[in-house]
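The next block holds one structure in the form of structure tokens; read it before the comments.
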Amino acid sequence: MSRPSFRIVLASVAVSLMALTGCSSSNATPETIPATVDLEVRAISGLRFDKSLYEATAGDIEIAYINDDTIRHTLIVLQDDTKVGTLELAVNKRGDLDIGTINLPAGNYSVFCTVPGHQNMKADLTVK
Ligand SMILES: [Cu+2]
């Protein structure tokens, strides 16, 4: 089932808005990750991402963030501990999926969860 990408963007915006207002997301269509996604990142139990190193190709990088844990997690991109761009993905409960795009030149980055107490949720992101 391929859906038009604008619908995915709208769903992503809706999830972000709900995250901002603190409401729980009703957008619980689990594991429907579009084929267009460039990078898949999962939050797993133990306040971790599913990998310690992710790789992507320079340019527009579409990131799918999936919650395999039971609590809320976010994802931003850092370079030298400074946030890059405006991307902020949020997944509130198990099975949630949030998708966003960030434009990155080649370099070394990190993905990071901003939820208080989750400062160990950090993984390397190498963009080539
Ligand atoms: Cu987290």
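Here, residue 1 is the first one in the sequence, and each next residue gets the next number. All ligand and atom numbering here is 1-based and tracks the order in the structure.
Between I44 and F49, the shortest heavy-atom contact is CD1-O, 3.8 Å. For I99 against L89, the heavy-atom pair with the smallest separation is C-CD2, 3.7 Å.
When each of V91, L125, I66, I63 is checked for a side chain to side chain contact (heavy atoms under 4.5 Å, CB included) with V41, only I63 meets the rule.
Among the atoms of T114, no N, O or S atom falls under 2.8 Å of the Cu ion (ligand 1).
Note that CD of Q119 and SG of C113 are 10.0 Å apart. Values are rounded to the nearest 0.5 Å.
Per residue H73, closest N, O or S atom to the Cu ion (ligand 1): atom name ND1. Among the heteroatoms counted here (N, O or S) of H118, ND1 is the one nearest to the Cu ion (ligand 1).
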